[in-house]
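What you see is a predicted model, and the numbers here were worked out from it, not measured in a lab.
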Amino acid sequence: MTERTKRRPLRSQLWFNDPTAPDMTALYVERYLNYGLTRGELQSGRPIIGIAQSGSDLVPCNRHHLELAKRVKEGVRDAGGVAIEFPTHPLQETGRRPTAALDRNLAYLGLVEILHGYPFDGVVLTTGCDKTTPAALMAAATANLPAIVLSGGPMLNGYFEGERAGSGSTIWRARELLAAGEIDMEGFMEMAAASAPSAGHCNTMGTALSMNSLAEALGMSLPGCAAIPAPYRERAQMAYETGRRIVAMVEEELTPKRILTRAAFENAITVASAIGASSNCPPHLIAIARHMGVPLSLEDWQRVGHAVPLLVNCQPAGAYLGEDFFRAGGVPAVMHELLEAGRLDGGAITVTGRTVAENLAGRAASDRDVIRPYDDPLMRDAGYLVMGGNLFDAAILKTSVIGDWFRARYLSTPGDENAFEGRAIVFDGPKDYHHRIDDPDLGIDEDCILVMRNCGPVGYPGSAEVVNMLPPKALVKRGITTLPCIGDGRQSGTSASPSILNASPEAAIGGGLALLRTGDRIRIDLNTRRVDVLLPPEELEARRAALKPAAPDNQTPWQEIYRRFTGQLSTGACFEPATLYLDVITSHGNPRHSH
C-alpha cells in the first residue's frame, strides 16, 4: 500500500467499495460489470481514470483522439489504473454556428458535472480544436482532481503550388485573391483544401496550437506534447506516456491547484508572446485562472508579456507551420530559450512532478530559423498591447502581426510615430459588413478604420471571429489588403490582421462602440495605449441618452442562459456564477448517493 492510500482512500472507492453502504456499492458496481469490467478491478483500490473524449465525427480536429484513447488506456492499465472513457460536449470551431465560443462554457459546465458526479480519481483531458483546451482546463481547475492534458497535435504541413499552405491563413489569402478577381470559387476551394492535408488541428499558430502550447507552458501537459503532429508515431507514444503519468499523479495527489499557480500563468503569458500566440489566448487564460482562483487580468498580459520577443517563425506571424515547429524543438525549445534569458519561473511545478527548469534541461532548439535565439528574434516587444480609451475600457492588439506595410502606412508619421487617425466605417455585425463593404457611397479609402460591433459575448452571442475585415474589392485590386480594424468580437488566431479586438464592454451592453457613427474620427495611439473617438464629451453623452439597445434574438434556450450569465472578454467571458465554485470536491464535498 502506498503512502497516498494510507493517508486517504481513493475517491472511487466511495462508489465501488464502501462497507458502510453495501446496497449503494452493489448498485454502482453491478452496472459497470455489464460490458466486461470485473469486481476485482473496480474494488481493488486501483485508481479509476477518466478519459474525457473530445473526439467525434462532429469534431474533425479532435477525431483521432478516438484512436489515441486506446493508447491512453494501455498506459493507464500498465501503470496500475482502470480507464473509463466518456464523451464531452463537442466544440468544432469551423462547424459550430453562430460560434464555437458559445459552447466553451457549456462544455466546461458539463465536464465539471461529470468529474464531480462520477467515480473518478484522475482524468486525462483530450484537447485539440480551439475551445476544447480552455473548456477542459477550466473544468479541471474547478474540480481539482489530478488532471493532465493530451493534445491531439497539428496537421501535417499543407502545400499549394509549392508553397506552405497554413490552415486559416491560406483562406484569408484566398479571400484576397478572390476579391481581386485573380481566382474563382473553384480556385478558392482548392487553396483551402490544400491547407488541411491530414488528421489534426490547425497547423498554423492559430488558437488550437497556441492554447495547447500554453497548456504545456502551464505545466499541464508532458514536455513536448503540444507540437507533435497528429499523424506522427510520437503522438501515440505521448498518449501512452500520458496514461501512465496520470496514475502516478493520483498516487502523488498532484492536482491542478499545485500546478496552476500565479507563476505558471505568468510563464504561459511569456510563452504566448514568444510563439506569436492567437489573440484568443488572453480571455481563455484569464478564464482558466479565474476558475482556479488565481488573480489574472489583461494588465498582466501587458506587464508580463509585452516586452517579450517573438521567437517562433510560424504563420501567421512568420513563415513556417506546426510540423516545422515540432522538428525545431516545439514548446520545450522555446521555454528553454526563455529560461536561459531569465524570463521564466523555473521553479513552477508541472504534471511530471518536476519543475519547469528540470523538464527543460537539454531541450535547446535544433533549427534556429524556426525558433530564433532570444537575442536575435523576429521582433522585439512582440506581446499584446492592452488598449483603452473613450470607446471601451479594454481591448487587445497583437503586435507580432504588424507588418512592414501597415507600420509604414499608419505608424510612421514623423513626430507622431506609432499613432494615426482615421474615419470610422461602422458595421453592425458581419451580415451588415458583407452587405455594404463594397458600397461606393461609403467612400472607403486607406484613411478609414473599419469597425465591427454587436459581435461580443452578448451581442452575437458568444463573441464571433469576424473582426478581421477585408477592405472593399476596389482597394484589394489596388493591392491594399489590410485596413485598421476595431471590434467587440474576436478574430481567428490564424489571421495576420493587426486588429484591435475583444473591446469590452461590448456595444450590446452599452459599450462605447454603440455610440460610434460612420464618419466619426478615431485616433489610435500605441504609445499611450488609447483609442478615442474625437468628439466632445457632451456629444457622447447626448448619443448615450438617445441610445436604445436592441433586444437580443435568442434562438435556443442556451443562448438565453449564456447571454444572461456570461461576462465580457476582458474578464475571460466566463459563466459568472461558476466562478464562485472553486475546488468543488474539497470545498463542497462529494455528491450524495443516487438511490
Assess, by modelled atom type and distance only, whether the side chains of [X] and [Y] contain a donor and an acceptor separated by less than 3.5 Å.
X: S495; Y: S497; value: no
X: T126; Y: N62; value: no
X: S167; Y: N203; value: yes
X: E253; Y: T255; value: no

Closest approach of [X] to [Y] (non-hydrogen atoms, all atoms of both residues):
X: M205; Y: P316; answer: O-CD, 3.9 Å
X: A143; Y: V584; answer: CA-CG2, 4.0 Å
X: L125; Y: A147; answer: CD1-CB, 4.1 Å
X: T204; Y: S169; answer: CG2-OG, 3.7 Å
X: L209; Y: A227; answer: CD1-CA, 4.3 Å

I'd like to know if the side chain of [X] and the backbone of [Y] have a donor-acceptor N/O pair within less than 3.5 Å.
X: N280; Y: Q491; result: yes
X: S278; Y: S210; result: no
X: D583; Y: G293; result: no
X: E506; Y: D488; result: no
X: R490; Y: S279; result: no
X: D130; Y: A208; result: yes
X: E216; Y: A226; result: yes
X: S297; Y: E299; result: yes

Indicate yes or no: at least one non-hydrogen side-chain atom of [X] is less than 4.5 angstrom from one of [Y].
X: C485; Y: N468; result: no
X: L298; Y: P282; result: yes
X: I480; Y: W405; result: yes
X: T355; Y: I349; result: yes

Taking only Lys NZ, Arg NE, NH1 and NH2, and the carboxylate oxygens of Asp or Glu, determine whether [X] and [Y] approach each other closer than 4.0 Å.
X: E417; Y: R407; answer: no
X: E93; Y: R104; answer: no
X: R303; Y: D300; answer: yes
X: D324; Y: R164; answer: yes
X: R523; Y: D416; answer: yes

For this session: Tell me, with the steps shown, if Y232 and M238 meet side-chain contact (heavy atoms from CB on, under 4.5 Å).
Result: CA-CA 10 Å; Y232 275 31; M238 180 61 71; over 6 Å; no
For this session: Output all residues satisfying ring-ring contact (aromatic ring centres under 6.0 Å, His included) with H291, sequence neighbours left out; order by chain, then residue number.
Result: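 Only Y108 meet the ring-ring contact (aromatic ring centres under 6.0 Å, His included) criterion with H291.
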For this session: Would you check, one step at a time, whether the test salt bridge (charged side-chain N to carboxylate O under 4.0 Å, His left out) holds for R290 with E576?
Result: CA-CA 10 Å; R290 291 188 67 193; E576 288 298 326; 2.8 Å; yes
Problem set entry | Intermediate values then yes/no, side-chain contact (heavy atoms from CB on, under 4.5 Å), T481 and W172 | CA-CA 10 Å; T481 58; W172 311 132; over 6 Å; no
Exercise. Has Y581 got more than 12 heavy atoms of other residues, nucleotides or ligands less than 6.0 Å from its OH?
Worked result: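 No, not enclosed.
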For this session: Only counting residues at least two apart or in another chain, list the ones meeting side-chain hydrogen bond (donor to acceptor under 3.5 Å, both in side chains) with D393.
Result: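 Partners of D393 by the side-chain hydrogen bond (donor to acceptor under 3.5 Å, both in side chains) criterion come out as none, since no residue qualifies.
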Exercise. Of all residues at least two apart in sequence or in a different chain, which pass the side-chain hydrogen bond (donor to acceptor under 3.5 Å, both in side chains) check with R372?
Worked result: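 If we apply the side-chain hydrogen bond (donor to acceptor under 3.5 Å, both in side chains) test to R372, skipping adjacent residues, there are no hits.
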Exercise. Hey, which of R363, R368, R343 is the one that makes salt bridge (charged side-chain N to carboxylate O under 4.0 Å, His left out) with E337?
Worked result: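 Filter result, single survivor: R368.
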